[in-house]
Amino acid sequence: MCVRSRTHGANDVTSWRRGPVDVDAIRGTAAGTAPVPLSVLDLVTVGNGYTANRALRTSVEIAQLAERRGFHRHWVAEHHSMPGVASSAPAVILAHLAAHTSRIRLGSGGVMLPNHAPLVIAEQFGTLEAMAPGRIDLGLGRAPGTDGATAAALRRTDRLNEGAEDFPQQLAELTRFLDDDFPDGHPYARIHAVPGPVQGPSGRPPIWLLGSSGFSARLAGTLGLPFAFAHHFSAANTVPALDLYRDSFRPSAVLDAPYALIGVSALAADDEREARRQTLTNALSMVRLRTGRPGLVPTPEEAEAYQFSSLEREFVDSWLSNVISGTADEVRVGLDDLQKRTGADELMLTANAHSPEARLRSYALLADAYELPAL
């Protein structure tokens with residue numbers, strides 16, 4: 001756990017001091033023949049012809065499969081006003097996953113902090129930690145996870161840039177609520193996030209910073225926090241951001257050395273054609289999202305029949321170039337190469353496809369390809 005000095009203000013994000021920490025809560029152990037720990041990033045996708053209920057049941061099935069096969073953690077990501085995903089409330093989903101698993105780490109990848117009051121997040125994740133002690137991660141991002149109009153509705157303001165600029169201060173405030181250590185005389189000194197330390201000795205989720213550019217990379221390094229980079233939609237920035245994180249890193253109570261995971265879009269299928277069909281559904285979803293026409297994830301047949309414009313085809317080709325897909329062996333080779341090129345300490349795999357069966361099959365195939373144990 002990281003703790004804060006009472007001699008500094010709530011907005012001083014550099015005032016971390018050393019204290020005991022369970023590094024194993026962050027650093028995983030590679031299983032089978034995997035070069036680094038493997039984890040799951042779950043977007044709780046909703047395909048055309050399916051329901052949110054089915055998508056959420058699939059998340060449970062994926063988490064249970066991941067737990068049985070030795071994946072290190074399972075994260076869900078906050079998105080809003082997107083028909084093709086059902087992950088608008090990560091804390092609620094994580095509580096559900098915690099009730100259906102017993103060992104795997106669960107967390108947010110991430111909670112978009114500017115959308116929420118820090119006290120609310122401290123209460124939600126303090127509750128999750130009380131439900132599943134030692135298994136919860138709190139990953140934080142500063143983007144809205146949606147379009148500007150929806151972000152304004154979430155935040156009750158249209159001054160969205162202020163939310164991103166205030167992120168370090170919001171992070172400091174959230175950390176103080178989690179550690180219950182506002183200094184005497186602070187307006188929040190008598191406010192306690194519960195469940196939390198005010199009720200007695202307790203653990204608390206490790207904080208991760210998420211990003212797709214250099215801002216969070218530098219901040220995570222400066223604070224000595226673990227860092228998660230969104231390679232799955234910002235691949236061109238991956239190596240520069242990881243280099244910046246490592247160069248900026250200062251040892252802290254949390255980590256004595258950098259630890260970075262990257263989110264990777266990876267889909268394995270029984271044959272290459274089926275892998276291509278499934279990944280194309282995600283590409284069409286992204287085309288529609290980027291052009292203001294979000295919807296349910298289309299079927300493979302719908303994606304194959306769609307007439308892409310030249311600009312859309314250019315986008316699709318670029319998007320698919322960052323997806324590792326094919327047979328399990330082909331995906332394994334691609335993941336191994338990506339890990340070597342980036343030096344990532346952990347690979348977090350997101351299998352985006354139309355059907356629940358395709359997503360589950362992908363994780364099972366990769367578990368077999370890496371000879372992960374059946375626990």
Side-chain angles (χ1 to χ4, degrees), residues 24 26-43 62 65-75 104-105 109 208 210-212 217 226-246 257-276 278-280 282-283 317-353 358-375:
D24 290 339
I26 296 171
R27 298 184 182 276
T29 301
T33 60
V36 294
L38 302 179
S39 293
V40 172
L41 176 61
D42 186 2
L43 303 185
I62 291 173
L65 182 152
E67 182 171 78
R68 290 195 306 270
R69 299 305 305 270
F71 287 79
H72 184 48
R73 65 183 102 236
H74 180 126
W75 281 3
I104 193 168
R105 296 196 65 82
W208 289 69
L210 280 59
S212 57
F227 178 57
F229 186 81
H231 173 84
H232 54 297
F233 65 79
S234 188
N237 292 328
T238 302
V239 171
L242 294 185
D243 286 345
L244 181 59
Y245 168 62
R246 293 166 183 140
Y259 189 85
L261 69 76
I262 58 174
V264 186
S265 184
L267 186 82
D270 291 298
D271 60 71
E272 292 182 44
R273 180 175 181 275
E274 181 60 19
R276 287 194 302 271
Q278 291 294 337
T279 55
L280 188 61
N282 180 244
D317 290 344
S318 175
W319 181 264
L320 292 178
S321 69
N322 295 321
V323 178
I324 301 175
S325 65
T327 65
D329 286 341
E330 290 170 334
V331 174
R332 176 178 52 80
V333 170
L335 290 173
D336 288 350
D337 178 67
L338 177 63
Q339 191 280 323
K340 289 177 182 177
R341 286 190 288 111
T342 62
D345 299 295
E346 186 173 331
L347 298 177
M348 179 166 275
L349 313 181
T350 180
N352 294 318
R359 298 177 66 219
L360 280 162
R361 182 62 175 158
S362 179
Y363 289 115
L365 286 171
L366 291 176
D368 288 342
Y370 279 112
E371 300 177 16
L372 301 188
L375 302 177

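Positions are given from 1 along the sequence.
- Looking at Tyr259, its side chain never comes within 3.5 Å of a backbone N or O of Glu346 through a donor-acceptor pair.
- Scanning all heavy atoms of the two residues, the minimum distance from Leu372 to Gly32 falls at CD2-N, 4.1 Å.
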**Request:** Give the C-alpha distance, both sets of side-chain angles, the deciding distance and a yes or no for side-chain contact (heavy atoms from CB on, under 4.5 Å) between Glu272 and Glu330.
**Result:** CA-CA 9 Å; Glu272 292 182 44; Glu330 290 170 334; 2.9 Å; yes
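- For Ile262, the side chain to side chain contact (heavy atoms under 4.5 Å, CB included) test picks out Phe229, His231, Thr238, Leu242, Val264, Leu338, Thr342, Ala344, Leu347, with sequence neighbours left out.
- Ion pair Asp345/Arg27 not flagged as a salt bridge, since none of the NZ, NE, NH1 or NH2 atoms sits closer than 4.0 Å to an Asp/Glu carboxylate oxygen.
- Across all non-hydrogen atoms, the minimal contact from Leu365 to Ala269 is CD1-C, 3.5 Å.
- For the residue pair His72 and Pro37, the shortest heavy atom distance occurs at CB-CB, 4.2 Å.
- The backbone N or O of Arg332 sits less than 3.5 Å from a side-chain atom of Tyr370, completing a donor-acceptor pair.
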**Request:** Check the pair Asn352, Thr279 against side-chain contact (heavy atoms from CB on, under 4.5 Å), reporting the backbone distance first and the verdict last.
**Result:** CA-CA 7 Å; Asn352 294 318; Thr279 55; over 6 Å; no
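- Note that OG1 of Thr350 is 9.5 Å distant from CG of Leu267, once rounded to the nearest 0.5 Å.
- No side-chain donor-acceptor contact under 3.5 Å links Tyr245 to the backbone of Pro240.
- Between Asn282 atom CG and Leu43 atom CG the span is 8.5 Å, to the nearest 0.5 Å.
- Across all their heavy atoms, Arg359 and Ala351 have their closest contact at NE-O, 3.1 Å.
- Trp208 and Trp75 have perpendicular rings, their planes meeting at more than 60° on a 0 to 90° scale where under 30° would count as parallel.
- A donor-acceptor pair is defined here as one N or O able to donate and one able to accept, closer than 3.5 Å; such a pair exists between the side chain of Ser234 and the backbone of Ser212.
- Residues passing the side chain to side chain contact (heavy atoms under 4.5 Å, CB included) test with Ala358, sequence neighbours excluded: Gln278, Ala353, Ser355.
- Remark: side-chain polar atoms of Glu274 are not paired, donor with acceptor, to backbone N or O of Asp271 under 3.5 angstrom.
- Between Leu360 and Ile62 there is a side-chain heavy-atom pair separated by less than 4.5 Å.
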**Prompt:** Step by step, would you call Val331 with Leu366 a side-chain contact (heavy atoms from CB on, under 4.5 Å)?
**Reply:** CA-CA 8 Å; Val331 174; Leu366 291 176; 3.6 Å; yes
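- The minimum heavy-atom distance between Ser362 and Ala268, with the atom names listed, is OG-N, 2.9 Å.
- With hydrogens and angles disregarded, a donor-acceptor distance shorter than 3.5 Å links the side chain of Arg73 to the backbone of Ile26.
- Salt-bridge annotation for Asp337 and Arg341: present, with a side-chain N of the basic residue lying under 4.0 Å from a carboxylate O of the acidic one.
- Contact record, Ile104 with Ala66: CD1-CB, 3.6 Å, taken as the closest heavy-atom pair.
- Atoms CD1 and NE2, on Ile324 and His232 in that order, are 13.0 Å from each other to the nearest 0.5 Å.
- To the nearest 0.5 Å, the span separating OG on Ser265 from CG on Leu320 amounts to 8.5 Å.
- Between Leu261 and Ser39 the shortest side-chain heavy-atom distance does not fall below 4.5 Å.
- No donor-acceptor distance shorter than 3.5 angstrom exists from the side chain of Thr327 to the backbone of Asp270, with no hydrogens or angles considered.
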